[in-house]
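Along the sequence shown, the residues carry numbers beginning at 1. Because the structure is predicted, anything quoted here is derived from the model rather than measured. Counting convention: from 1, in listed order, for ligands and their atoms alike.
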Amino acid sequence: MRTQVGIIGGGPSGLLLSQLLHLQGIETVVLEKHTREHVLGRIRAGVLEHGFAQLMRQAQVGERMDREGQIHEGFFIAHGGRQDRIDLRALTGGKTVLVYGQTELTRDLYEARDRSGGKVIHRAQEVTPNDVNTARPYLTYRVGNEVARLDCDYIVGCDGYHGVSRQSIPQERIKVFERAYPFGWLGVLSRTKPVSPELIYATHERGFALCSMRSTTLSRYYIQVPETDTVADWSDERFFEELRARLPPQVAQGMIVGPSIEKSIAPLRSFVAEPMRYGRLFLAGDAAHIVPPTGARGLNTAGSDIHYLYHALLDHYRSGDDEGLDSYSEHALARVWKGQRFSWWMTTLLHRFPEHSPYEQRLQQTELDYLFSSQQALGSLAENYVGLPF
Ligand code: FAD
Ligand code: PHB
C-alpha cells in the first residue's frame with residue numbers, strides 16, 4: 001500500500017492531522033495499535049484552549065463541540081480555606097476556554113474520518129518506521145497474521161509517550177529533558193452534578209485536588225496521591241472523603257457524591273524530546289513531550305504541533321516549499337517549552353511535595369499571596385491558561 005503521509009497513532013493528534021490533510025486532498029493512513037473502543041475508553045483532557053477549538057473547526061469537526069461544549073470564562077483557586085476566581089475573560093481581553101472531553105472530540109474525529117472513507121487501521125501491531133533517512137521511508141506492521149507494508153513520503157509519529165516513533169530514533173540523535181514528580185493524580189468520573197459551575201483547583205496541606213466536569217451532569221474529580229498508590233487503595237468512599245477534606249468547607253458541603261464510573265491514576269511527568277524530527281519522521285503531541293495535567297496544556301500543545309505540521313506539509317505539497325518542514329521542530333519546540341514552563345509552575349504552586357522544606361513551603365505560600373495581590377501575575381496566569389498564540 002502507498003500513501004503520502006503515514007501516521008502512527010489514532011489519538012487526537014493523529015486523527016486531527018489526518019482530517020486536516022484530507023480536506024486539502026493529501027492522503028494519509030493512520031495506524032492505531034488498539035481498538036476504537038479502547039481509545040475512546042480513556043478519560044483524559046477536559047479543557048480546550050481557543051486555538052485548539054479553532055483547529056477542530058478548521059478540520060470541520062467543531063459542530064458538536066460548539067453545541068455541547070461549555071464556554072468557561074474563569075476558574076477558581078481554593079487555598080487557605082477560601083476561593084479566589086481567575087477571571088479569564090477580563091484578564092485576557094475576552095478570551096475563554098471550552099470544556100469538552102477528549103473522548104468526545106476523538107469520537108467526532110473518528111466519525112469524520114469514517115464519513116470521508118479515511119483509512120484508520122486498528123490493531124496495528126509491531127508498527128515500525130523504516131528508512132526514514134532516505135527519500136522513500138516506509139512503515140511495516142502486522143494485523144492478526146498479516147504483515148503489511150505502507151510506503152509514504154513522510155511518517156508522523158503521533159503515538160503518545162509510550163509509542164514506537166520516538167524510540168525508533170537513534171539515541172545519539174535525540175536529547176531528552178525530563179522531570180518526574182513523586183505523586184500522581186487519582187481521577188474519578190461520576191454521573192453527578194458538578195460541585196461548581198467552574199473548575200476549582202485546590203491546594204491544601206493534605207495535597208492538591210481538582211473539581212472539573214464533562215457536562216452539567218457529569219463530574220470529573222482528581223486528587224494528588226503518592227506515586228506508589230493504586231486504584232485498589234481507593235474506594236469511592238475514601239476518595240470522596242479525601243476530596244472533601246481538601247476543599248473549602250462551604251464547597252465540600254455542597255458536593256453531591258455518586259458512584260464512580262471510571263477511576264484511574266495518572267503519573268505526573270514533564271518530558272521533552274528534541275528535535276522533533278529525524279529525517280522524514282516527524283514527532284507530534286505526547287510522542288515528543290508530556291506535561292503534568294495541572295495547567296491543562298497536554299492536548300492543547302499537541303494541537304499547536306499539528307497546526308505547524310499541517311501548514312508545513314501543505315506548503316510542501318502545494319508549492320514544493322520545505323521551509324515549514326525544515327523549521328517545524330524549532331517552531332513547535334518554542335511553544336512546547338512555554339507549555340512546559342507553565343505546567344511546571346502550576347504544579348509546583350498547587351501540590352504538596354514530600355521533599356519540600358519549611359522554607360520551600362513558605363515560598364509556595366508567598367507565590368500564592370503574590371499571585372492574588374498582583375494584576376500582572378494574574379494576567380500572566382490567565383494568558384497562559386487560555387493558550388499562547390500559535
Ligand atoms: P495519545 O492520546 O497518547 O494518543 C496516542 C495514540 O497512539 C493512542 O491511541 C495509542 O493507542 C497509539 N499508539 C501508541 N503506541 C502505538 C504503536 N506502537 N503503534 C500504533 N499506535 C500506537 N491535556 C489538555 O490539553 N487539557 C486537559 O485538560 C488535560 N487533562 C488531562 C488529564 C489527564 C488525567 C491526563 C492523563 C492527560 C490530560 N491531558 C490534558 C493531556 C492529553 O490527554 C494528552 O496530551 C493527549 O492525549 C495527547 O494526544 P496524542 O494524540 O498526542 O497522544
Ligand atoms: C479534566 O477535566 O480532566 C481536567 C481539567 C483541567 C486540568 C486537567 C484535567 O488542568
S.K.: Determine whether any heavy atom of Cys158 lies closer than 4.0 Å to an atom of ligand 1.
M.R.: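 Yes; Cys158 lies near enough to ligand 1 that a heavy-atom distance drops under 4.0 Å.
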S.K.: Would you check whether Trp185 has a nitrogen or oxygen atom less than 3.5 angstrom from a nitrogen or oxygen atom of ligand 1?
M.R.: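 The answer is no, given that Trp185 and ligand 1 share no N or O pair closer than 3.5 Å.
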S.K.: Quick one: which of Ile306, Asp159, Leu17 has a heavy atom closest to atom 14 (C) of ligand 1?
M.R.: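 It is Asp159 whose heavy atom sits nearest to atom 14 (C) of ligand 1.
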S.K.: Does a donor on one side chain sit under 3.5 Å from an acceptor on the other, for Gln70 and His72?
M.R.: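 Short answer, yes.
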S.K.: Enumerate the protein residues lying less than 4.0 Å from ligand 2, judged by heavy-atom distances, in chain and residue-number order.
M.R.: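 Close residues (ligand 2, cut-off 4.0 Å): Arg44, Gly46, Val47, Trp185, Leu199, Tyr201, Leu210, Ser212, Arg214, Arg220, Tyr222, Pro293, Thr294, Ala296.
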S.K.: Please determine if Arg36 forms a cation-pi arrangement with Tyr110, meaning its NZ or CZ atom is less than 6.0 Å from the six-membered ring centre and no more than 45° off the ring axis.
M.R.: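 Verdict for Tyr110: a cation-pi partner in Arg36.
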S.K.: Among all protein heavy atoms, pick the one closest to atom 4 (O) of ligand 1 and tell me residue, atom and distance.
M.R.: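 Result for atom 4 (O) of ligand 1: Gly11 CA, 3.6 Å.
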S.K.: So, for His351 and Tyr181, is the gap between ring centers shorter than 6.0 Å?
M.R.: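 Ring centres of Tyr181 and His351 not closer than 6.0 Å.
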S.K.: Tell me which pairs pass salt bridge (charged side-chain N to carboxylate O under 4.0 Å, His left out) where either residue lies in residues 210-232, with sequence neighbours left out.
M.R.: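 Listed by first then second residue: Arg220-Glu262.
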S.K.: Among all protein non-hydrogen atoms, which one is nearest to atom 39 (N) of ligand 1, and what is the separation to 0.1 Å?
M.R.: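 That would be Ala45 CB, 3.8 Å.
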S.K.: Taking 4.0 angstrom as the limit and counting only heavy atoms of Gly46, give me the atoms of ligand 1 inside it, by number and element.
M.R.: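 So the atoms of ligand 1 that pass are 27 (C), 28 (O).
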S.K.: Verify, without hydrogens or angle tests, whether Ser215 (side chain) and Leu218 (backbone) share a donor-acceptor contact under 3.5 angstrom.
M.R.: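 Here the side-chain-to-backbone pair exists.
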S.K.: What are the atoms of ligand 1, with element, lying closer than 4.0 Å to any heavy atom of Gly163?
M.R.: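 Here the atoms of ligand 1 in question are 15 (N).
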S.K.: Looking at Phe342, is Lys338 sitting on its ring face, NZ or CZ under 6.0 Å from the six-membered ring centre and within 45 degrees of the normal?
M.R.: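 Not flagged: Lys338 not positioned over aromatic ring of Phe342.
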S.K.: Find all atoms of ligand 1 within a distance of less than 4.0 Å from any non-hydrogen atom belonging to Gly298, and give their numbers and elements.
M.R.: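 What qualifies from ligand 1 is 23 (N), 24 (C), 25 (O), 41 (C), 45 (O).
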S.K.: Can we say Asp151 and Arg149 salt-bridge, meaning some charged N sits less than 4.0 Å from an Asp/Glu carboxylate O?
M.R.: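 A salt bridge is present here (some side-chain N lies under 4.0 Å from a carboxylate O).
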S.K.: Could you check whether Arg42 and Gln102, counting side-chain N and O atoms only, form a donor-acceptor pair closer than 3.5 Å?
M.R.: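 The criterion, which ignores hydrogens and geometry beyond distance, is not satisfied for Arg42 and Gln102.
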S.K.: Taking only heavy atoms of Gly285, which atoms of ligand 1 are found under 4.0 Å from at least one of them?
M.R.: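 Listed by number with element, the hits are 52 (O).
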S.K.: State, yes or no, whether a side-chain contact exists between Leu281 and Ser165 at a heavy-atom distance under 4.5 Å.
M.R.: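 A side-chain contact under 4.5 Å exists here.
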S.K.: Phe52: heavy atom below 4.0 Å from ligand 1, yes or no?
M.R.: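 So Phe52 does not count as touching ligand 1.
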S.K.: Applying ring-ring contact (aromatic ring centres under 6.0 Å, His included), can you list everything that pairs with Tyr328, at least two apart in sequence or on another chain?
M.R.: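 Partners of Tyr328 by the ring-ring contact (aromatic ring centres under 6.0 Å, His included) criterion, ordered by chain and then number, come out as Phe282.
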S.K.: Quick one: does Arg42 get a heavy atom under 4.0 Å from ligand 1?
M.R.: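 Distance cut 4.0 Å: Arg42 passes for ligand 1.
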S.K.: Considering heavy atoms of the protein only, find what lies nearest to atom 37 (C) of ligand 1 and give residue, atom and distance to 0.1 Å.
M.R.: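 So the nearest neighbour among protein heavy atoms is Arg44 CB, 4.1 Å.
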S.K.: Counting from 1, what ligand 1 atoms have a heavy atom of Gly160 closer than 4.0 Å?
M.R.: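 So the answer, numbered in order with elements, is 3 (O), 5 (C), 53 (O).
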S.K.: Below a 4.0 angstrom heavy-atom separation, can you tell me which part of Tyr222, side chain or backbone, both or neither, approaches ligand 1?
M.R.: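 For Tyr222, only side-chain atoms sit under 4.0 Å from ligand 1.
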S.K.: Please name the pair of heavy atoms, one in Leu243 and one in Ala209, separated by the smallest distance, quoted to 0.1 Å.
M.R.: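 That closest heavy-atom pairing would be CD1-CB, 3.8 Å.
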S.K.: Examine the proximity of ligand 1 to Asn300 and report which part, side chain or backbone, both or neither, has a heavy atom under 4.0 Å away.
M.R.: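 It is both backbone and side chain that touch ligand 1.
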S.K.: Which ligand 1 atoms, with their elements, are less than 4.0 angstrom from a heavy-atom of Leu31?
M.R.: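 Under 4.0 Å from Leu31, ligand 1 has these atoms: 20 (C), 21 (N).
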S.K.: Write out the residue and atom name of the closest protein heavy atom to atom 52 (O) of ligand 1, then the distance separating them to 0.1 Å.
M.R.: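 That would be Ser13 OG, 2.7 Å.
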S.K.: Strictly by modelled atom types, are Asp305 and His289 linked by a side-chain donor-acceptor pair under 3.5 Å?
M.R.: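 Their side chains do contain a donor-acceptor pair, which is all the 3.5 Å distance test asks for.
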S.K.: For atom 49 (O) of ligand 1, what is the closest protein heavy atom, and at what distance to 0.1 Å?
M.R.: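 Here the nearest protein heavy atom works out to Pro12 CG, 3.7 Å.
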S.K.: Val39 heavy atoms, cut-off 4.0 Å: which ligand 1 atoms fall inside?
M.R.: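 The atoms of ligand 1 under 4.0 Å from a heavy atom of Val39 are 9 (O).
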S.K.: Can you tell me the protein heavy atom closest to atom 45 (O) of ligand 1 and the distance?
M.R.: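 I find the closest protein heavy atom is Asp286 OD1, 2.7 Å.
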S.K.: Tell me, which protein residue and heavy-atom name are nearest atom 12 (C) of ligand 1, and how many Å apart are they?
M.R.: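 Result for atom 12 (C) of ligand 1: Glu32 OE1, 3.2 Å.
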S.K.: Just checking, any donor-acceptor pair under 3.5 angstrom between side chains of Ser116 and Arg113?
M.R.: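 Judged by distance alone, the side chains do pair up.
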S.K.: For atom 17 (C) of ligand 1, what is the closest protein heavy atom, and at what distance to 0.1 Å?
M.R.: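 That would be Lys33 CD, 3.9 Å.
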S.K.: Please could you name the atoms of ligand 1 that Ile8 approaches to less than 4.0 Å, counting only its heavy atoms?
M.R.: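 Reading through ligand 1 atom by atom, the close ones are 19 (N), 20 (C).
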S.K.: Please say whether Leu299 places an N or O atom under 3.5 Å from an N or O atom belonging to ligand 1.
M.R.: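 N/O-N/O distance below 3.5 Å exists for this pair.
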S.K.: Is there a donor-acceptor contact under 3.5 Å linking the side chains of Ser304 and Arg335?
M.R.: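 On atom types as modelled, these side chains qualify, holding a pair under 3.5 Å.
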S.K.: If I compare all heavy atoms of Thr217 with all of Pro194, which pair ends up nearest, and what's the gap?
M.R.: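 Taking every non-hydrogen atom into account, N-CD, 4.2 Å.
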S.K.: At a non-hydrogen distance cut-off of under 4.0 Å, which region of Gln102 contacts ligand 1 (side chain, backbone, both, or neither)?
M.R.: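 Answer for Gln102: side chain.
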S.K.: Side chains of Arg57 and Gln54: donor-acceptor distance under 3.5 Å anywhere?
M.R.: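 Side chains of Arg57 and Gln54: pair found under 3.5 Å.
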S.K.: In residues 382-390, what donor-acceptor pairs under 3.5 Å come from side-chain atoms, sequence neighbours left out?
M.R.:
| unit_1 | atom_1 | unit_2 | atom_2 | d |
| --- | --- | --- | --- | --- |
| Asn384 | ND2 | Ser380 | O | 2.8 |
| Tyr385 | OH | Tyr201 | OH | 2.7 |

S.K.: Do we see a donor-acceptor contact under 3.5 Å between the side chains of Thr140 and Asn130?
M.R.: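 Yes, Asn130 and Thr140 have a side-chain donor paired with an acceptor closer than 3.5 Å.
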S.K.: N/O to N/O below 3.5 Å, does that happen between Pro293 and ligand 1?
M.R.: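 Among all N and O atoms of Pro293, none is under 3.5 Å from an N or O of ligand 1.
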S.K.: Evaluate Ala284 for polar contact with ligand 1, using N/O atom pairs at a separation under 3.5 Å.
M.R.: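 There is no such contact.
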S.K.: Do Leu381 and Ile77 touch side chain to side chain, with heavy atoms closer than 4.5 Å?
M.R.: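 Yes. Closest side-chain heavy atoms under 4.5 Å.
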